[in-house]
> 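One structure follows; several queries about it will come next.
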Amino acid sequence: MTITKKRKNFLKVGSSIAMACALGSVTLASSAHAQESSWSPSQQVSMVVPFKPGGGSDIFGRAATAGIEEVRNNIDISVQNIVGGSGAVGYSTLLQRKGNPNYLLASETGAAIILPIMNDVPYNWDKLTPIAEAAEDHTMIIVANDSPYKSISDLVDAAKEGQVNIAISGKGSPASLSFKLIEKDQDVSFNRVVFESGSANNAALLGGDVAAAGANPGEAIELIKADKVRALTIFKDERFDRAPLSEVPTIAEAGIDVDITPTLQFRGVLASPGLSEAQQTYWENAIKEWSKTEGYKTYINNNYLTPKVRTGDEFADFLAKQHDTIAPLLKETD
């Protein structure tokens, strides 16, 4: 077959364009890869947990640490429990590490949002670097298994007749806010006893020092399975679909009409202020990749969480919304 000069020129030009496009694609891909890989940790990373071992923040921090190490080869992350001030000491530790990408923080609604609204602390969530939300947690009201209180109504009735001591993990916690919503709706008052962690709450409850406690499912599930505590209600739109928490009525089913939005507790990661875009992207992508692993699914299932991943600006927008929703409620119920 004869190929004309015009046809040869066309093929030559077409080949050049195709090659240019291919090279352009490689260049764009290389550029995107370079943006992500232009930084990676060159030393040990610290995952700061601002509460004692055993609580929901500690469980999340250790799960996230293991997950990040799984999807990011050749990095080493150590968990540091830096407690005090209902979480403020741990948060302030990151505030003092400006520009240091080797510090991460296991964060949640109580210490990140509520505590700075209620107390004079040196940080706000927006002074740190939002990396990612990894899960959504819920608050339950629990009692000892031999408690005379069989429902939230029983607990409310007791509070109307006399003092009822309840355990919460710090003044800035969704558990405290949950009790405040009940107080507002039912026109009662509970006597708060403040502890530093969920495990301390559970110990006080089992020891008979308090009548009830606020707890995340992950903090109480083993005690529930062992028939040592019972959950009276959970601040959730719908019941869990698997035992034993499928038996726990939602707060609406319990006959209390409140908006549960302020009680939703995110589990996520914040970082030191002043990170570069490449450093922030590295950690965001690590959380995204972890959320696709079997280890992440195990963490979600074992702790009865709702999977929810938000990163970067989307996570920052969520934190701002949480702040704007919670702040007026705290003022109303103080």
> Which heavy atom in G90 sits nearest to a heavy atom in V48, and how many Å separate them?
O-CG1, 3.9 Å

> For the pair E108 (side chain) and P174 (backbone), establish whether a donor and an acceptor sit closer than 3.5 Å, ignoring hydrogens and angles.
no

> Among all residues two or more places apart in sequence or in another chain, which pass the ring-ring contact (aromatic ring centres under 6.0 Å, His included) test with F235?
none

> Give every donor-acceptor pair under 3.5 Å between a side-chain atom in residues 158-168 and any protein atom, sequence neighbours left out.
from, atom 1, to, atom 2, distance (Å)
Q163, NE2, N165, OD1, 2.9
N165, OD1, N191, ND2, 2.7

> Go through K308 and E136 one step at a time and tell me if the salt bridge (charged side-chain N to carboxylate O under 4.0 Å, His left out) criterion holds.
CA-CA 6 Å; K308 181 72 69 174; E136 191 172 78; 5.6 Å; no

> We want to know whether T250 and R239 form a side-chain donor-acceptor pair, criterion being a heavy-atom distance below 3.5 angstrom.
no

> Classify the ring geometry of W290 against F60: parallel below 30°, tilted from 30° to 60°, perpendicular beyond 60°.
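Rings of W290 and F60: tilted, as their planes differ by 30° to 60°.
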
> Closer than 3.5 angstrom, by distance alone: can the side chain of W283 be matched with the main-chain N or O of P101 as a donor-acceptor pair?
yes

> Taking the side chain from S92 and the backbone from V89, do they hold a donor-acceptor pair closer than 3.5 Å?
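Not confirmed, S92 side chain does not pair with V89 backbone.
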
> According to ring-ring contact (aromatic ring centres under 6.0 Å, His included), who are the partners of Y123, at least two apart in sequence or on a separate chain?
Y91

> Dump the intermediate steps for salt bridge (charged side-chain N to carboxylate O under 4.0 Å, His left out) on E284 and R310, then the final yes or no.
CA-CA 9 Å; E284 288 175 7; R310 297 182 176 97; over 6 Å; no

> Would K297 and Y299 count as a cation-pi pair here, with the cationic atom under 6.0 angstrom from the ring centre and within 45° of the axis?
no

> What pair of heavy atoms forms the shortest contact from K52 to N81, and how long is it?
C-ND2, 3.7 Å

> Here's one to test your reading of the geometry: is the NZ or CZ of R230 within 45 degrees of the ring axis of Y149 and under 6.0 Å from its centre?
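No; the conditions do not both hold, so R230 does not lie above the ring face of Y149.
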
> Is V188 reachable from L177 through a run of hydrophobic residues whose side-chain heavy atoms are each under 4.5 Å from the next?
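Yes, one cluster joins them.
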
> Same cluster or not: L206 versus M140, using hydrophobic residues (I, L, V, M, F, W, Y) connected whenever any side-chain heavy atoms lie under 4.5 Å apart?
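Shared cluster, yes.
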
> Is there a donor-acceptor pair under 3.5 Å between the side chain of D259 and the backbone N or O of T261?
yes

> Looking only at atom types and distance, does a side-chain atom of N216 sit under 3.5 Å from a main-chain N or O of D137, one as donor and one as acceptor?
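Judged by distance alone, no pair lies under 3.5 Å.
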
> Which pairs count as side-chain hydrogen bond (donor to acceptor under 3.5 Å, both in side chains) when at least one residue sits in residues 311-324, sequence neighbours excluded?
T109-Q322

> Are the side chain of N201 and the backbone N or O of A213 linked by a donor-acceptor pair below 3.5 Å?
no

> Quick one: list whatever passes ring-ring contact (aromatic ring centres under 6.0 Å, His included) with F190, sequence neighbours left out.
F179

> Who are the side-chain contact (heavy atoms from CB on, under 4.5 Å) partners of P244, not counting sequence neighbours?
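With sequence neighbours excluded, P244 shows a side-chain contact (heavy atoms from CB on, under 4.5 Å) to I221, I224, K225, Y304, given in chain and number order.
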
